[in-house]
Peer 1: 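The structure that follows is given in the form of structure tokens.
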Amino acid sequence: METEPPAVEWTGDGLRLLDQTVLPGRVEYVVVRDVGTLVDAIRRLVVRGAPALGVAGAFGVAIALREAAREGWDAAALEEAVARVREARPTAVNLAAGVDRVRPLMGAGAETVAAEAQALLDEDVRGNRAIGALGADWILRRLGDRPLRVLTHCNAGALATAGWGTALGVVRELHARGRVEMVYVDETRPLLQGSRLTAWELARAGIPCAVQPDGAAPSTLLRGLADLAVIGADRIAANGDTANKIGSLGVALACAAAGAPLVVAAPWSTVDAALPDGRGVPIEERPAAEVLTWNGEPTAPAGVAAHNPAFDVTPARLVTALVTETGVLEVSSGRTPGAARPARG
Ligand SMILES: CSC[C@H]1O[C@H](OP(=O)(O)O)[C@H](O)[C@@H]1O
């Protein structure tokens with residue numbers, strides 16, 4: 001069993017990011033020592049996934065402080081740089097939350113900010129282990145203590161977090177208990193986080209999986225080939241409406257039609273308690289080229305437009321369970337995150 005290279009790692013000198021744009025073919029890193037490089041890495045999905053973005057954002061403030069000292073920035077220039085990090089991608093609430101967590105420490109300097117960012121990273125890994133265990137417990141109680149066939153969408157694994165993963169953390173825990181028969185991995189167009197990243201993680205962990213076109217998910221569920229779906233999240237509203245990778249809503253609708261549970265695995269840091277419902281989630285619109293080309297080759301005629309929302313919102317009534325690091329909320333039964341958030345979470 002191969003361990004995962006961390007998606008995000010503070011080297012003391014800078015932030016080392018595993019370059020997820022070249023996986024699975026190449027394992028390469030981007031070392032970040034300035035804000036421009038970090039913002040570019042976030043926008044190109046070198047680093048991606050809500051919790052990983054939160055950690056990168058927090059370290060990004062330390063990087064901005066060091067760059068300000070090198071370049072002689074004034075306070076306004078420093079604040080503008082921090083804002084660029086915070087706003088590099090709009091949907092995952094964790095990015096802004098990570099920046100906001102360390103902002104009050106900026107006056108104490110880069111080392112203090114980096115130490116708090118490291119604490120956030122360590123908390124995320126611990127939280128993901130708890131999510132995995134609590135999620136596996138709930139699933140095996142709900143579906144019976146037997147090997148299961150799980151459908152996933154996008155990548156909510158170690159690569160999307162500080163380690164272990166949220167949705168894939170649940171899958172890893174089920175596998176550790178001998179309770180995974182098969183994982184159906186939605187390839188997740190247009191950037192293929194499923195086939196390139198989730199399949200890479202599962203193969204390295206020795207977890208049986210099969211990559212499928214996104215369009216296969218409904219029939220996989222309605223034919224009874226999968227027992228449930230487990231997905232991550234980028235922003236969860238107080239009522240339980242859940243923003244996640246585009247295509248998640250289709251998986252949720254298919255789960256409902258098939259009578260299969262839809263399990264969302266996410267830390268409390270992904271819950272936006274200030275957002276009453278999913279109507280206010282900012283949905284990132286990404287470049288047309290991601291839809292109209294692959295490896296630089298056109299996948300559509302020249303001049304054709306593209307519609308490329310990176311996320312969709314699944315209504316709370318379709319979310320069977322939200323697994324957090326402190327417990328499981330049966331959202332579609334009325335247990336909403338806004339009402340259940342622990343004091344500290
Ligand atoms: C554990 S959060 C992972 C979440 O983030 C992904 O989006 P992206 O690859 O664009 O950063 C996707 O929505 C995953 O479910």
Side-chain angles (χ1 to χ4, degrees), residues 4 7-8 17-21 23 41-57 88-98 121 124-125 127-132 135 151-172 185-201 214 217 229-236 242-252 262-272 278 281-287 290-291 308-314 319 322-325:
E4 296 308 319
V8 185
L17 304 176
L18 177 61
D19 185 347
Q20 301 189 35
T21 66
L23 286 176
I42 291 171
R43 287 181 175 159
R44 289 194 302 113
L45 280 72
V46 166
V47 58
R48 44 150 300 279
L53 290 175
V55 172
R89 289 184 76 193
T91 305
V93 67
N94 305 60
L95 176 55
L121 185 155
D124 184 61
V125 178
N128 294 337
R129 288 281 183 166
I131 286 170
L151 185 142
T152 67
H153 191 76
C154 199
N155 171 260
L159 293 172
T161 65
W164 192 246
T166 52
L168 287 198
V170 174
V171 172
R172 289 174 190 274
V185 176
D186 282 358
E187 62 179 354
T188 315
R189 275 200 46 92
L191 296 181
L192 304 179
Q193 288 95 324
S195 56
R196 294 188 305 108
L197 306 178
T198 291
W200 187 72
E201 287 197 44
D214 299 329
V230 185
I231 63 175
D234 291 83
R235 191 184 295 245
I236 302 170
T242 297
N244 197 52
K245 183 53 52 193
I246 191 74
S248 300
L249 175 55
V251 169
L262 174 71
V263 176
V264 173
W268 278 106
S269 55
T270 302
V271 172
D272 182 354
V281 175
I283 299 295
E284 178 185 9
E285 291 287 339
R286 290 196 58 84
E290 294 178 356
V291 174
N308 189 16
F311 300 95
D312 57 26
V313 178
T314 294
V319 178
L322 167 61
V323 184
T324 75
E325 64 273 40

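Along the sequence shown, residues are numbered consecutively beginning with 1. Indexing begins at 1, ligand by ligand and atom by atom, following the structure's order. Remember, predicted model here, so these are calculated numbers, not experimental data.
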Peer 1: Among protein heavy atoms, which sits nearest to atom 15 (O) of ligand 1, and what does the distance come to when rounded to 0.1 Å?
Peer 2: Asn244 OD1, 2.5 Å
Peer 1: What is the closest protein heavy atom to atom 13 (O) of ligand 1, and at what distance does it sit?
Peer 2: Asp234 OD1, 2.5 Å
Peer 1: Do me a favour and list the nearest non-hydrogen protein atom to atom 12 (C) of ligand 1 with residue, atom name and distance?
Peer 2: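 For atom 12 (C) of ligand 1, the nearest protein heavy atom is Cys154 SG, 3.3 Å.
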Peer 1: For Thr188 and Asp186, which I'm curious about, is there any donor-acceptor pair between the side chains at under 3.5 Å?
Peer 2: no
Peer 1: So, regarding Asn155 and ligand 1 (criterion: nitrogen or oxygen to nitrogen or oxygen, under 3.5 Å), is there a contact or not?
Peer 2: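 There is no such contact.
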Peer 1: Passes salt bridge (Lys or Arg N to Asp or Glu O under 4.0 Å), Asp272 versus Arg235? Steps please.
Peer 2: CA-CA 6 Å; Asp272 182 354; Arg235 191 184 295 245; 2.7 Å; yes
Peer 1: Are any of the heavy atoms in Gly157 under 4.0 Å away from ligand 1?
Peer 2: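 It does not; every heavy atom stays at 4.0 Å or beyond.
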Peer 1: To check you understand the geometry: which heavy-atom pair defines the closest contact between Thr166 and Pro267, and what is its length?
Peer 2: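 Shortest heavy-atom contact: CG2-CD, 3.9 Å.
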Peer 1: Short N/O distance, under 3.5 Å, between Thr166 and ligand 1?
Peer 2: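 No, no N or O pair falls under 3.5 Å.
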Peer 1: So which protein heavy atom does atom 9 (O) of ligand 1 come closest to, and at what separation?
Peer 2: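 Checking every protein heavy atom, the shortest distance to atom 9 (O) of ligand 1 gives Arg48 NE, 2.7 Å.
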Peer 1: Would you mind telling me which of Arg48, Arg44, Arg196 makes a side chain to side chain donor-acceptor pair (under 3.5 Å) with Gln20?
Peer 2: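 Answer after filtering Arg48, Arg44, Arg196: Arg48.
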Peer 1: Does any N/O atom on Gln193 come nearer than 3.5 Å to any N/O atom on ligand 1?
Peer 2: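 It does: an N or O of Gln193 is found under 3.5 Å from an N or O of ligand 1.
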